> 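Structure below; questions to follow.
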Amino acid sequence: MNAKTSLKTTKSSLPPTPYYLLDEAAIVANMQIIARLCELSGAKALLALKCFATWGVFDVMQPYLHGTTSSSLNEVRLGYETFGKGKDSDNEKETHAYSVAYSADEIDEVLSYADKIIFNSISQLNAFKEQAAAKGIPVGLRLNPKTSNSSFIIADPARPFSRLGEHDKDKIAAVLSDITGVMIHNNCENDSFEAFSDSLADIEARFGDVLAQLEWVSLGGGIHFIAPDYPLEKLAERLKGFSEKYGVQVYLEPGEASIHGAGSLVTSVLDTMHNEKNLAVVDASIEAHMLDLLIYRESAPIAAINKESINILPVDMAKTADVVDNTIIYGRSCLAGDIFGEYALPNQLQVGDKIAFGNAAGYTMVKKNWFNGINMPAIVIRRLDGSIDVQREFDYQDYKASLS
Ligand SMILES: *Cc1c(COP(=O)(O)O)cnc(C)c1O
């Protein structure tokens with residue numbers, strides 16, 4: 001049975017706001033770039049489910065990717081069931097398992113879904129390697145190169161005292177006979193090829209002898225190679241050279257790059273007010289529905305107003321204290337700083353206007369929550385043929401069931 005059909009309510013028209021709107025054509029455009037990178041470099045690409053796990057669009061992603069990677073038991077199971085061998089036993093797609101820390105009572109189940117398992121530390125490796133070996137599952141270890149390309153300390157795997165991976169080369173060398181590969185994830189939306197290449201060079205200088213004894217190396221996610229001006233060929237060449245030099249299969253784990261620009265959060269203006277600037281309140285919330293905006297202190301671009309595509313970038317609120325014509329769009333939670341952004345808009349917003357915030361596919365749906373009991377946005381998919389599927393709607397019972 002295709003699990004997808006059990007939850008889907010196919011409707012031809014759009015539901016009431018708020019809803020996340022995913023555009024399969026935009027996802028496929030990203031997929032084609034990933035597939036090209038893989039073709040040119042020989043790397044394999046795994047979707048990082050922690051960024052995006054809306055499995056209702058996996059059918060259009062599957063032809064381009066080599067599988068999924070995960071951060072927990074639930075994610076590895078989802079990857080196995082919706083993308084990997086659990087979906088179809090002839091399926092070649094790989095399901096990678098990784099977690100910052102596995103518990104002893106979940107490891108057998110994790111292994112039952114995994115084609116490879118990557119441990120975060122040598123102690124976890126030692127605790128579970130025999131169970132993995134008994135099932136014939138190849139084992140990897142996460143390395144921490146102590147350098148990174150992340151402009152946010154909260155998202156920096158190489159932050160001081162980091163728990164993400166092993167850094168001591170001697171200790172790593174001592175467990176080489178237990179592993180066939182390593183995973184290194186130290187980029188975060190890094191759009192500079194030079195910065196990526198330099199940090200790979202650091203990794204080579206630090207761990208070159210280790211790499212030469214492995215079969216595979218995953219370089220994680222966070223490489224923003226889908227940017228229109230990214231030198232994709234150079235990246236491919238660098239990865240190919242790396243792979244040939246050490247004799248390893250390279251994996252990439254794109255999360256954001258897989259779905260960047262492919263989703264929006266469509267909302268309606270519920271109220272307008274004035275307090276030195278124009279204010280509008282929409283029927284969604286950044287804390288509940290686009291949480292990363294809050295965590296990283298960022299604002300959302302506007303992708304459409306009243307269905308008219310438009311690209312309005314937010315202004316830097318720190319610099320616009322006296323620009324009274326601007327409009328601040330707030331979420332409807334009671335958090336004072338629940339702000340989608342401040343914008344210079346062509347027209348004043350009116351109650352009932354529809355605002356679509358852009359780039360709302362990654363790190364949004366996977367983090368949504370019921371703060372304030374606010375209506376959960378539906379998940380709507382614009383299929384490749386242009387038809388609209390209301391994939392999932394949420395109601396009071398879902399809110400109630402999320403607590404007890
Ligand atoms: C977060 C993460 C990814 C995906 O990162 P993106 O920035 O979304 O590409 C890949 N691998 C690991 C280990 C991660 O922690």
Side-chain angles (χ1 to χ4, degrees), residues 27 30-31 33-34 37-38 43-54 61 64-72 74-76 78-79 83 94-102 110 114 116-121 124 140-145 148-159 162-167 181-193 195-196 199-200 203 216-227 230 232 235 239 250-263 290-292 295-296 298 359-367:
I27 294 174
N30 290 1
M31 291 292 112
I33 294 171
I34 295 176
L37 176 62
C38 290
K44 293 184 175 178
L46 309 173
L47 174 66
L49 293 174
K50 92 166 186 229
C51 169
F52 181 80
T54 309
M61 303 178 84
Y64 302 95
L65 298 175
H66 297 85
T68 58
T69 189
S70 56
S71 339
S72 63
N74 284 332
E75 280 189 2
V76 74
L78 187 77
F83 211 107
E94 290 186 50
T95 305
H96 283 204
Y98 164 76
S99 168
V100 169
Y102 287 113
V110 169
K116 283 191 180 66
I117 187 164
I118 298 156
F119 294 109
N120 183 64
S121 69
Q124 285 251 310
L141 179 67
R142 181 167 184 171
L143 301 192
N144 187 326
S148 73
N149 294 293
S150 169
S151 34
F152 300 97
I153 184 77
I154 194 174
D156 184 358
R159 62 188 274 140
S162 175
R163 73 193 181 304
L164 300 172
E166 294 284 355
H167 63 274
V182 293
M183 184 268 278
I184 300 164
H185 170 73
N186 68 334
N187 289 281
C188 178
E189 283 203 38
N190 177 11
D191 58 6
S192 160
F193 167 72
F196 168 78
S199 95
L200 191 58
I203 290 168
W216 54 275
V217 174
S218 174
L219 295 172
I223 313 169
H224 206 57
F225 54 74
I226 49 135
Y230 196 95
L232 200 73
L235 175 63
L239 296 174
V250 169
Y251 288 89
L252 300 172
E253 303 176 352
E256 182 63 33
S258 299
I259 43 68
H260 191 79
M290 292 185 77
L291 186 57
D292 269 17
I295 295 175
Y296 295 100
E298 292 186 327
N359 202 25
Y363 299 101
T364 53
M365 285 174 258
V366 291
K367 294 190 172 195

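Just so you know, ligand 1 is whichever comes first in the structure, and atom 1 is the first atom listed for that ligand. For clarity, every value in this text was computed on a predicted model and none was experimentally measured.
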> Tabulating one pair per line, provide the atom names and distances (0.1 Å) for every N/O atom of ligand 1 that is less than 3.5 Å from a protein N/O atom.
unit_1, atom_1, unit_2, atom_2, d
ligand 1, 5 (O), Y363, OH, 3.4
ligand 1, 7 (O), G222, N, 3.3
ligand 1, 8 (O), E256, N, 2.8
ligand 1, 8 (O), Y363, OH, 2.5
ligand 1, 9 (O), G222, N, 2.8
ligand 1, 9 (O), G255, N, 3.0
ligand 1, 11 (N), E253, OE1, 2.5
ligand 1, 15 (O), K50, NZ, 2.7

> Output the distance between atom OH (Y230) and atom CD1 (I223), rounded to the nearest 0.5 Å.
6.0 Å
> Would you confirm whether S258, through its side chain, and M31, through its main-chain N or O, come within 3.5 Å as a donor-acceptor pair?
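Here the side-chain-to-backbone pair does not exist.
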> Between R142 (side chain) and H185 (backbone), is there a donor-acceptor pair under 3.5 Å?
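Side chain of R142 to backbone of H185, a donor-acceptor pair under 3.5 Å: yes, one is there.
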> Under 3.5 Å, is there a donor on one side chain and an acceptor on the other for Y98 and E253?
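On atom types as modelled, these side chains do not qualify, holding no pair under 3.5 Å.
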> Taking side chain to side chain contact (heavy atoms under 4.5 Å, CB included) as the definition, give me every residue that meets it alongside S72, ordered by chain and number, with sequence neighbours left out.
N74, E75
> Considering only heavy atoms from C-beta outward, does the side chain of W216 approach that of K44 to under 4.5 Å?
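Of all side-chain heavy-atom pairs linking K44 with W216, none is under 4.5 Å.
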